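Note sheet for the following structure.
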Amino acid sequence: MNFKFQNLLGAPYRGGNAVIANNHLLITPISNRISITDLISSTTTTLPFHSSSNIDRLAASPNGLFLLAVDDNSRALFINLPRRVILHRITFKGPVTALKFSPNGVYIAVAVGKLVQIWKSPGFKKEVFPFELVRTFADCNGNVTALEWSPDSEYLLAGSKDLTARLFCLRKLLSGYVKPFLFLGHRDTIVGCFFGVDKITKRVNRAYTVSRDGAIFSWSYSGNDGNELEGEKSEPPSPGTPDQRPSAGDHGGDNANVKKRKNFDERVVNSDDDSRYLLHTGKWELVKKDYFMQAPAKLTACDYHRDLDLVVVGFSNGVFGLYQMPDFVCIHLLSISREKITTAVFNDLGSWLTFGCAKLGQLLVWEWKSESYILKQQGHYFDVNCLAFSPDSQLLATGADDNKIKVWNVSSGFCFVTFSEHTNAVTALHFMPGNHCLLSASLDGTVRAWDLFRYRNFRTFTTPSSKQFVSLASDQSGEVICAGTLDSFEIFVWSMKTGRLLDVLSGHEGPVHGLMFSPTNAILASSSWDNTVRLWDVFDGKGAVETFRHNHDVLAVVYRPDGRQLACSTLDGQIHFWDPIDGLLMYTIDGRRDIAGGRLMTDRRTAANSSSGKCFTSLCYSADGSYILAGGSSKYICMYDIADQVLLRRFQITHNLSLDGVLDFLNSKKMTEAGPMDLIDDDNSDAEEGIDKQTRGNLGYNLPGSMPNRGRPIIRTKCLRIAPTGRSWAAATTEGVLVYSIDESFIFDPTDLDIDVTPEAVDAALNEDQPSRALILGLRLNEDTLIKKCILAVSPEVIPIVASAVPCRYLQRLIEAFAELLESSPHLEFILRWCQELCKAHGNTIQQNSRNLLPALKSLQKAITRAHQDLAETCSTNEYLLRYLCSAGTKK
């Protein structure tokens, strides 16, 4: 029962800015969670904590140790990346539009509305007030949109919506406050501003400002060559009115203060042996104006690599460009989609470009020199409707309202194939027993079979007249395919080999939303909105064998893995357990109070008094059949013990306040005369600029009254599936596909504890060369590290003797240990020898207790299959190299 959140699939990117740490860790926000993709090992993980609303801005420290994440409500998390824990929290006093760590890692620049705040970065030690506000610059007349530090962390360049970029000096001068230097001339919002350095002296000698209308201005810094005073006038330089600037020889008025500032700065310069130079006292001039010529598209994202002097820009029409500066030479100009590019960023070496498109949920990493993809991921555009685990638990298939089917590798978190042949929403998925064939049902009236070796649709099952399929099942042999319909209330039966329609099962008077074959025989169970569950003998063709009647609509039906129990959920929030052999009702669980929770913005009643959503729409048995998972239109997933009919645990799938239905009590402060404040459409976004986040506004197809809450996503669980290994389960929710796995942290749960069963006794048995006794003591203690230590301490010659001495009640724990060792230990042949001898010694016992041992055996099968695939790939990769070496040796 000890499951914890492991990963989030189905949504690699949903908005915000992406950052790259340590040159190969791609960090992206996904709603209120943070995903980290290792571009070298090709794995993606989701951090185990979450924010209170959608994360909008990220910034990583230069050494890759810290991450600062800010959400829509201006609440920030300061995160230790290697340990993956939250160190500190802070709330800013306004919407944060930009974040940037200084190159030395000491300061953090935060753009809060029109203010630029400089905070001292916290460290590892615990402090009462970890964030210290050092400076606040309030010179901008519009919201700040871009920040950039100088390499020495002394100066800050800030671009804003007032069409200017400002150069701030971080150090406080004795003469008091100095107005920042202004970079003027742009005709649209500043999107990016960057410092350029001289490759020899490593000092700043130029700057670039990029605006939303596709213009990039190049500025040159000429240093303190006789014009020191001119650059330090209190009035900002204005290119349009040169005659109003004071001349260098004018010593009236404020020049005393200027000289005092100059003397103070010179003293600092001399003390540091000319290592510091003053950007705000030198002369900046506009050298060049260049335009990207992508009108009417707007420039939406940009980044600059200081060492290579390259600029990458992304536009609202999906086009990106890579330019060599300062000559403005176009290296690449390509299109990745038709939607707005919301983030574009270089890695540390400048060889990889990362692009994100929020509307499509698309994330790309592209190597521009070889013109090849390092990473190419795209999530589902709409909510995921259905899930299916492969028999070996390595693959997870998802189907959604965007008519697409995606197959994900559970261990790496990557989607490796997408099928898009369906023309309407995918409603059901089912893996065939062979692990290489996937079935899908859709509202377009087809059931399709997909080959996972060749990645093609090799068979399509249709009906004489078009129907809408909402459920799918296959028998254990894989010869018969059944699908239930939404409109005609029938069940269609096809032959897998020939593709012919064999039979049509009629009798239901409502949509058939649940179908499942018995794991032990050819009996098909179907559930419908006509308040019945029917059992069909498909092969004998006798029609309905038995009918189980209920008082309300039946929403889901599922068999226990041993086929001796049937569970179904009804509209009144109850789960009924039937004996399919005797036709008797065994148990009933009332789950209305367990799943209730969450009040929508449009609800007139409180969450406690509301009757909507208090029912389970998806059920799933555990691998051993001892407990059942249930989910529905709520923020909760419930886990019940079947024998005692008690609630074991309740999982809250999200705490994201950006979704509807998370809060139990609405905030009365947000209620206005026109209704809830969250439902008032006060967005003032530019239509040309597109969107910054993935929205589900088209889910209602823009019909009048179809989006009462302005398209705000409502939290719900549409599908639940437990992996055949029993060690993980997945839920298709509004947030994406949440994968939960068994917590591997240490839990002391001994199976047969005695006063003599101690870790010291295990070590003593190993020292006395008694491996059998040591292993049994370790199994009695049920401590993972001790069991693995005892297994690896057995010499290969005595493995058969030790395997035969293991008591039968410890077989499951031993097989689970083998599965874990196969995934982490380098001793592959040794572990496989153990498995072989264990099966020889206890084969009869394993067969008799197959139901209880099935999850552990599935885990072992998954580990062996994965090791076999890795070895096969390595051998096929090296085969040609060995042939070449052999042929080269014979020629000599």
Side-chain angles (χ1 to χ4, degrees), residues 4-14 16-31 33-50 55 58-69 77 79-86 101 303 305 343-356 361-370 372-379 394-396 406-417 728 730 736-741 744 820 823-826 862-863 866-867 869-870 873-874 877:
K4 69 171 183 178
F5 174 79
Q6 180 196 8
N7 210 348
L8 175 63
L9 306 180
Y13 176 69
R14 277 186 174 167
N17 68 311
V19 295
I20 293 185
N22 299 331
N23 196 50
H24 66 92
L25 293 180
L26 174 61
I27 307 171
T28 54
I30 306 176
S31 296
R33 295 186 180 271
I34 300 171
S35 173
I36 299 181
T37 303
D38 192 327
L39 298 175
I40 294 179
S41 63
S42 297
T43 56
T44 179
T45 55
T46 307
L47 296 183
F49 45 81
H50 49 78
I55 293 175
L58 295 177
S61 62
N63 55 10
L65 290 178
F66 301 116
L67 179 72
L68 187 64
L77 307 176
I79 301 160
N80 182 349
L81 270 181
R83 297 293 302 273
R84 300 185 178 183
V85 293
I86 298 176
F101 273 88
D303 194 23
H305 196 274
T343 184
V345 63
F346 280 100
N347 70 332
D348 296 342
L349 297 180
S351 55
W352 294 345
L353 299 173
T354 301
F355 300 103
Q362 192 176 39
L363 194 64
L364 305 174
V365 179
W366 192 63
E367 189 175 40
W368 61 272
K369 291 182 180 179
S370 63
S372 60
Y373 283 108
I374 305 298
L375 171 73
K376 190 176 183 182
Q377 292 288 296
Q378 182 173 343
Q394 291 201 58
L395 308 179
L396 179 67
K406 292 180 178 288
V407 185
W408 308 78
N409 189 312
V410 178
S411 57
S412 69
F414 280 163
C415 169
F416 62 89
V417 64
S728 61
V737 180
L738 303 178
V739 180
Y740 286 78
S741 63
E744 301 293 346
E820 293 174 10
E823 294 182 355
S824 58
S825 174
K862 175 185 175 182
R866 189 172 176 187
Q869 289 175 353
D870 292 343
E873 290 176 4
T874 305
T877 305

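These figures come from a predicted structure and were not determined experimentally.
Put simply, the side chain of Lys376 never gets that close to the backbone of Trp366: no donor and acceptor are under 3.5 Å apart. With His305 contributing its side chain and Asp348 its backbone, the two residues share a donor-acceptor pair below 3.5 Å. For the pair Asp870 (side chain) and Thr874 (backbone), a donor-acceptor distance under 3.5 Å is absent. At distances below 3.5 Å, not a single donor-acceptor pair connects side-chain atoms of Asn22 with backbone N or O atoms of Leu25.
Nearest approach of Ser31 to Arg14, heavy atoms of both residues: OG-NH1, 3.2 Å. Across Gly64 and Pro82, no two heavy atoms sit closer than the pair O-CD, 4.4 Å. Gly413 and Leu9 get closest at one heavy-atom pair: CA-CD2, 3.5 Å. Closest of all the heavy-atom pairs between Arg84 and Pro48 is O-CG, 4.1 Å. The two residues Pro12 and Gly361 come nearest to each other via the heavy atoms CG-O, 3.6 Å. In plain terms, the two heavy atoms of Ala69 and Ile55 that are nearest each other are CB-CG2, 4.1 Å.
In this structure, Arg33 forms a cation-pi arrangement with Phe5, its terminal cationic atom sitting closer than 6.0 Å to the ring centre and no more than 45° off the ring axis.
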For side chain to side chain contact (heavy atoms under 4.5 Å, CB included), just list the numbers for Ile79 and Leu68, CA-CA rounded to whole Å, side-chain angles, deciding distance to a tenth of an Å, and then say yes or no.
-> CA-CA 6 Å; Ile79 301 160; Leu68 187 64; over 6 Å; no

Can you list the steps and then say if Leu26 with Val19 is a side chain to side chain contact (heavy atoms under 4.5 Å, CB included)?
-> CA-CA 6 Å; Leu26 174 61; Val19 295; over 6 Å; no

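Considering CD1 of Ile30 and OG1 of Thr44, their distance stands at 6.5 Å, rounded to 0.5 Å. In this structure, the separation between CG on Leu58 and CG on Leu67 is 5.5 Å, given to the nearest 0.5 Å. Atom CZ of Phe101 is separated from atom CZ of Phe66 by 7.5 Å, given to the nearest 0.5 angstrom. Of the inter-residue distances, the one linking Leu77 atom CG with Ile34 atom CD1 reads 6.5 Å to the nearest 0.5 angstrom. Within the model, atoms CD1 of Ile20 and CG of Leu349 stand 10.0 Å from one another, a figure rounded to the nearest 0.5 Å. Atoms OG and CG, from Ser411 and Leu396 in turn, are 11.5 Å apart once rounded to the nearest 0.5 Å.
Taking 4.5 Å as the limit, every side-chain heavy atom of Val737 sits out of range of all side-chain heavy atoms of Leu8. With a 4.5 Å cut-off on side-chain heavy atoms, Trp352 and Leu39 count as touching. Residues Leu47 and Thr45 form no side-chain contact, since every pair of their non-hydrogen atoms from C-beta on lies 4.5 Å or further apart. No side-chain heavy atom of Val410 sits less than 4.5 Å from a side-chain heavy atom of Trp408. Two residues are said to be in side-chain contact when any heavy atoms from C-beta on lie closer than 4.5 Å; Ser42 and Phe414 meet this criterion. Looking only at side-chain heavy atoms (C-beta outward), Gln377 and Cys415 come within less than 4.5 Å of each other. With contacts defined as side-chain heavy-atom distances shorter than 4.5 Å, the pair Leu364/Thr354 does not qualify. Considering only heavy atoms from C-beta on, Leu363 comes within 4.5 Å of Thr28 through its side chain.
Inspection of the Asp38 and His24 side chains reveals an N or O donor paired with an N or O acceptor under 3.5 Å. In this model, no donor atom of one side chain and acceptor atom of the other lie less than 3.5 Å apart for Thr343 and Asn17. In summary, the side chains of Ser35 and Thr46 do not present any donor paired with an acceptor at a separation below 3.5 Å, with no hydrogens or angles considered.
By the side-chain contact (heavy atoms from CB on, under 4.5 Å) test, Lys862 pairs with Ser393, Gln394, Thr725, sequence neighbours left out.
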